[in-house]
Enquirer: 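Structure incoming, see below.
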Amino acid sequence: MSNISVNFKKSKIDAKEIMAYSDEVKKIHMTMNNNLNNKNEFLGWLNLPSKHNKMELDKIKKCAKKIQENSDVLVVIGIGGSYLGARAVIEALTNSFYNLQSKEERKFPQILYVGNNLSSTYINDIIELIKDKDFSINVISKSGTTTEPAIAFRIFRNLLEDKYGIKEAQQRIYVTTDKEKGALKQLANEEDYETFVIPDNVGGRYSVLTPVGLLPIATTGIDIDKLMEGARFAQEKYNDPDLRYNDCYKYAVVRNILYKNKKNVEILACYNPKLHFFIEWWKQLYGESEGKDGKGIFPAGVEFTTDLHSLGQYIQEGERCLFETVLSLEDEESDITIQYEDDNLDGLNYLANKKLSYVNKKAMEGTIEAHVDGGVPNIIIEMKELSEDTIGHLIYFFEKACAISGSLLGVNPFNQPGVEKYKTNMFELLKKPGYEKKK
């Protein structure tokens, strides 16, 4: 199960510097565990892998099976943590072109995402795509009033009701929301929609291992039991308060040491496009958790070798404010052997009979060396393979490291007060009742 390891050698941070944080980390560890049952601390994700509601997990599987049987498409309506985690897992663990495969090849419904922007063109394109298909909706919102998903739900709920009638539409709407309160909960009660609970003490960006992420993930045929088992293993592995033996805590410490050394941009890099949305999920997790009070490491992402031909120059020789964390994958799901050509016009015969994964690995090793030599420290997270238990493990690793890192930084890693500012301005401009601009 322990198919993830972290290599700090290329970070240029020695063990003595790391261990100087031992007492501080232990104190944060104890505080988090002591506050685990305090609903105001948003620490419910901490023991979620081992304490999740098994009855709700069974209900998720049952509903996923129903969606698989009656729908060609599941439309997931949510923004930020309400969809990024699910999308990260789905795109990492399904075919790279899952939504483009035929129904027979795919076996499970397409997953389409709305409510994550306000583009009328984007929404109309999805409406056009699903007009002749059977579809269901999973709307995910704690309050039900967040602008982007609320607008999308109004649009797609009307589409469902026009297509199937109100009664059948009710059977195709799945609501993931607050247990007791909020506009969406009220509507779900009135319309008798199937509902799932967003735990009170789990913030959106930490919610992928709750029904928020698990229903869409299960709909694609991904084994959510294995996903949770990988996270449960990580929960046990990273519950050691001794910094010497906890790579998760070391990662948090090394990030903070680099930040104090003026490395205030972290680039999460991968060499497999299937991890694109995992990086997007990670960016939200760290950006919303740490970027406050005039502090924080800016989270960015790159996909190599693609971005070596766009951002590679800046990373190599631009401002020295960067460090990289590399997601290194040992085993590809499938491979290709490079063939020998008699004319060798492209000069590639020196690679004949070698696997493409081998070339990709050497590109990664060469890039790491070049960037480290150029003044960009690297942390390498080594993964055996892309599988449910690996991804579950990796999710928990980053969540817990984020909580420790934010605490070391001196900010609250579980709130996001700055997000509300754009909403206030937008509501004033839209003349929303109660948001009249003060003179």
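All values reported here derive from a predicted model rather than from experimental measurement. Throughout, numbering of the chain's residues begins at 1 and tracks the sequence.
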Enquirer: Please report the interatomic distance CG(Leu36) to CD(Glu41), rounded to the nearest 0.5 Å.
Expert: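 Here the interatomic distance stands at 10.5 Å.
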
Enquirer: Got Met364 and Phe304 here, is their nearest side-chain heavy-atom distance under 4.5 Å?
Expert: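 Counting from C-beta outward, Met364 and Phe304 never come under 4.5 Å.
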
Enquirer: Is it true that Glu332 and Lys355 have a side-chain N and a carboxylate O under 4.0 angstrom from each other?
Expert: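 Here Glu332 does not pair with Lys355 in a salt bridge, since their nearest N and O are not under 4.0 Å apart.
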
Enquirer: Strictly below 4.0 Å, N to O, side chains only: are Arg255 and Glu290 in salt-bridge contact?
Expert: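 Judged by the 4.0 Å cut-off on N to carboxylate O distance, Arg255 and Glu290 do form a salt bridge.
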
Enquirer: Say whether, by atom type as modelled, one donor and one acceptor occur between the side chain of Lys263 and the main chain of Val376 under 3.5 angstrom.
Expert: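 Such a contact is absent between Lys263 side chain and Val376 backbone.
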
Enquirer: Taking all heavy atoms of Phe108 and all of Thr219, pick out the closest pair and write down the distance.
Expert: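 That closest heavy-atom pairing would be CB-O, 3.5 Å.
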
Enquirer: How long is the gap from CD1 on Ile111 to CD on Glu91, to the nearest 0.5 Å?
Expert: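 Ile111 atom CD1 to Glu91 atom CD measures 10.5 Å (nearest 0.5 Å).
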
Enquirer: Please report the C-alpha distance between Lys384 and Asp331 in whole Å, then the side-chain angles of each, then the deciding distance to 0.1 Å, and finally whether the side chain to side chain contact (heavy atoms under 4.5 Å, CB included) criterion is met.
Expert: CA-CA 6 Å; Lys384 173 70 175 171; Asp331 295 334; 3.1 Å; yes

Enquirer: With a 3.5 Å distance limit and no angle check, can you tell me whether Ser328 reaches the backbone of Glu382 through a side-chain donor-acceptor pair?
Expert: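 Not at all, since once roles are kept as given, no pair shorter than 3.5 Å links the two residues.
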
Enquirer: Give a yes or no on whether the backbone of Gly80 and the side-chain of Arg205 come within a donor-acceptor separation of less than 3.5 Å.
Expert: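 Here the side-chain-to-backbone pair does not exist.
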
Enquirer: Would you call Lys362 and Glu365 a salt bridge, using N to O less than 4.0 angstrom?
Expert: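 Between Glu365 and Lys362 there is a salt bridge, with a charged N closer than 4.0 Å to a carboxylate O.
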
Enquirer: Determine whether Lys283 and Glu280 satisfy the following criterion, salt bridge (Lys or Arg N to Asp or Glu O under 4.0 Å), listing intermediate values before the conclusion.
Expert: CA-CA 5 Å; Lys283 282 160 60 177; Glu280 294 301 304; 3.1 Å; yes

Enquirer: Is it the case that more than 12 heavy atoms not belonging to Met30 sit under 6.0 Å from its CE atom?
Expert: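 For Met30, atom CE is not crowded (no more than 12 foreign heavy atoms under 6.0 Å).
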
Enquirer: Answer yes if the side chains of Asp247 and Ser5 hold a donor-acceptor pair under 3.5 Å, and no otherwise.
Expert: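 No, Ser5 and Asp247 have no side-chain donor paired with an acceptor closer than 3.5 Å.
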
Enquirer: Could you tell me whether the side chain of Ser71 and the main chain of Leu74 form a donor-acceptor pair under 3.5 Å?
Expert: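 Here the side-chain-to-backbone pair does not exist.
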
Enquirer: Are Gln110 and Asn99 close enough that a side-chain donor and a side-chain acceptor fall under 3.5 Å?
Expert: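 Asn99 and Gln110 do not have a side-chain donor-acceptor pair below 3.5 Å.
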
Enquirer: Is it true that Asp242 and Arg244 make a salt bridge, defined as a side-chain N closer than 4.0 Å to a carboxylate O?
Expert: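 Yes, Asp242 and Arg244 are salt-bridged.
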
Enquirer: Apply salt bridge (Lys or Arg N to Asp or Glu O under 4.0 Å) to residues Glu17 and Lys260 and explain how you reach the verdict.
Expert: CA-CA 12 Å; Glu17 286 182 274; Lys260 288 180 178 179; over 6 Å; no

Enquirer: Examine the side chains of Glu266 and Thr325 and answer whether a donor and an acceptor come within less than 3.5 Å of each other.
Expert: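 Side chains of Glu266 and Thr325: pair found under 3.5 Å.
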
Enquirer: Which label fits Trp281 and Phe398: parallel for a plane angle under 30°, tilted from 30 to 60°, or perpendicular past 60°?
Expert: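 Geometry flag for Phe398 against Trp281: perpendicular rings.
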
Enquirer: Which pair of heavy atoms, one from Tyr271 and one from Asn360, lies closest together, and at what distance?
Expert: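 Scanning both residues completely, I find the closest heavy atoms to be O-ND2, 3.1 Å.
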
Enquirer: Tell me whether Lys142 is salt-bridged to Asp178, with the criterion being a basic N under 4.0 Å from an acidic carboxylate O.
Expert: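 Salt bridge present between Lys142 and Asp178.
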
Enquirer: Rounded to the nearest 0.5 Å, what separation is found between the NE2 atom of His371 and the CD atom of Gln316?
Expert: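 So the NE2 of His371 and the CD of Gln316 are separated by 5.0 Å.
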
Enquirer: At their closest point, which heavy atom of Asn412 faces which heavy atom of Lys292, and how far apart are they?
Expert: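 Result for this residue pair: O-NZ, 2.7 Å.
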
Enquirer: Using a distance-only test with no angle check, is there a side-chain donor-acceptor pair under 3.5 angstrom linking Tyr238 and His29?
Expert: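 Not at all, the side chains of Tyr238 and His29 share no donor-acceptor pair under 3.5 Å.
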
Enquirer: Between Glu324 and Lys10, is the closest basic N to carboxylate O distance under 4.0 Å?
Expert: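 No salt bridge links Lys10 with Glu324.
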
Enquirer: Would you give the length of the straight line joining atom CD of Gln101 to atom OG of Ser96, rounded to the nearest 0.5 angstrom?
Expert: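 OG of Ser96 is found 9.5 Å from CD of Gln101.
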
Enquirer: Looking at Lys61 and Asp225, is there a salt bridge between them, counting it only when a charged N and a carboxylate O are closer than 4.0 Å?
Expert: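 A salt bridge is present here (some side-chain N lies under 4.0 Å from a carboxylate O).
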
Enquirer: Taking Asp200 first and then Lys179, would you say they form a salt bridge - that is, a charged N and a carboxylate O separated by under 4.0 Å?
Expert: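 No salt bridge links Asp200 with Lys179.
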
Enquirer: Any side-chain heavy atom of Tyr206 within less than 4.5 Å of one from Leu285?
Expert: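 Contact flag for Tyr206/Leu285 side chains = yes.
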
Enquirer: Please tell me if the side chains of Tyr21 and Leu243 come closer than 4.5 Å, counting only heavy atoms from C-beta onward.
Expert: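 They are in side-chain contact.
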
Enquirer: Of the non-hydrogen atoms in Leu215 and Ile67, which two are nearest, and what is the gap between them?
Expert: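 Scanning both residues completely, I find the closest heavy atoms to be CD1-CD1, 4.3 Å.
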
Enquirer: Return yes when atom CG of Leu348 has more than 12 non-hydrogen atoms of other residues, nucleotides or ligands closer than 6.0 Å, and no otherwise.
Expert: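 It does: Leu348 CG has more than 12 such atoms within range.
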
Enquirer: Are Glu229 and Arg232 ion-paired here, with the side-chain N under 4.0 Å from a carboxylate O?
Expert: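 Salt bridge between Glu229 and Arg232, a charged N being under 4.0 Å from a carboxylate O: yes.
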
Enquirer: So for atom CD, which belongs to Glu333, do other residues, nucleotides or ligands contribute more than 12 heavy atoms lying within a distance under 6.0 Å?
Expert: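 No, because the 6.0 Å sphere around CD of Glu333 holds 12 heavy atoms or fewer from other groups.
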
Enquirer: Closest heavy-atom contact between Ala300 and Trp282?
Expert: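 Heavy atoms of Ala300 and Trp282 come nearest at O-CZ3, 3.3 Å.
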
Enquirer: When you look at Gln313 and Glu317, which way does the side chain to side chain donor-acceptor pair (under 3.5 Å) test go after all the steps?
Expert: CA-CA 6 Å; Gln313 173 62 40; Glu317 295 184 345; 2.8 Å; yes

Enquirer: For the pair Phe233 and Tyr396, evaluate ring-ring contact (aromatic ring centres under 6.0 Å, His included) and give the outcome as yes or no after the intermediate values.
Expert: CA-CA 9 Å; Phe233 177 85; Tyr396 192 88; over 10 Å; no

Enquirer: Can you name the closest pair of heavy atoms from Gly347 and Tyr350 and give their distance?
Expert: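 That closest heavy-atom pairing would be O-CD2, 3.3 Å.
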
Enquirer: What's the spacing between Ile13 CD1 and Ile257 CD1 if we round to 0.5 Å?
Expert: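 CD1 of Ile257 is found 5.0 Å from CD1 of Ile13.
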
Enquirer: How many angstroms lie between atom CG of Asn201 and atom CG of Asn35, to the nearest 0.5 angstrom?
Expert: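 That separation rounds to 12.0 Å.
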
Enquirer: Using side-chain heavy atoms (C-beta onward) and a distance below 4.5 Å, is Phe278 in contact with Cys270?
Expert: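 Sidechains of Cys270 and Phe278: no contact.
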
Enquirer: Using 30° and 60° as the class boundaries, would you call the ring planes of Phe414 and Trp45 parallel, tilted or perpendicular?
Expert: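 If you compare the ring of Phe414 with that of Trp45, the planes turn out tilted.
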
Enquirer: Quick one, Tyr314 and Leu322 - any side-chain contact, counting heavy atoms below 4.5 Å?
Expert: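 When only atoms from C-beta onward are counted, Leu322 and Tyr314 do touch, with a gap below 4.5 Å.
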
Enquirer: Check the surroundings of atom CG in Asp23: do more than 12 heavy atoms from other residues, nucleotides or ligands lie under 6.0 Å from it?
Expert: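 Open.
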
Enquirer: Taking the ring centre of each residue, are Tyr259 and Phe323 less than 6.0 Å apart?
Expert: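 Centroid separation for Tyr259 and Phe323: 6.0 Å or greater.
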
Enquirer: If only atom types and distance count, is the side chain of Arg320 paired as donor or acceptor with the main-chain N or O of Gly318 below 3.5 Å?
Expert: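 Indeed, once roles are kept as given, a pair shorter than 3.5 Å links the two residues.
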
Enquirer: Inspect the contact between Glu24 and Lys27 and indicate whether a charged nitrogen and a carboxylate oxygen are less than 4.0 angstrom apart.
Expert: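 So Lys27 does not pair with Glu24 through a salt bridge.
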
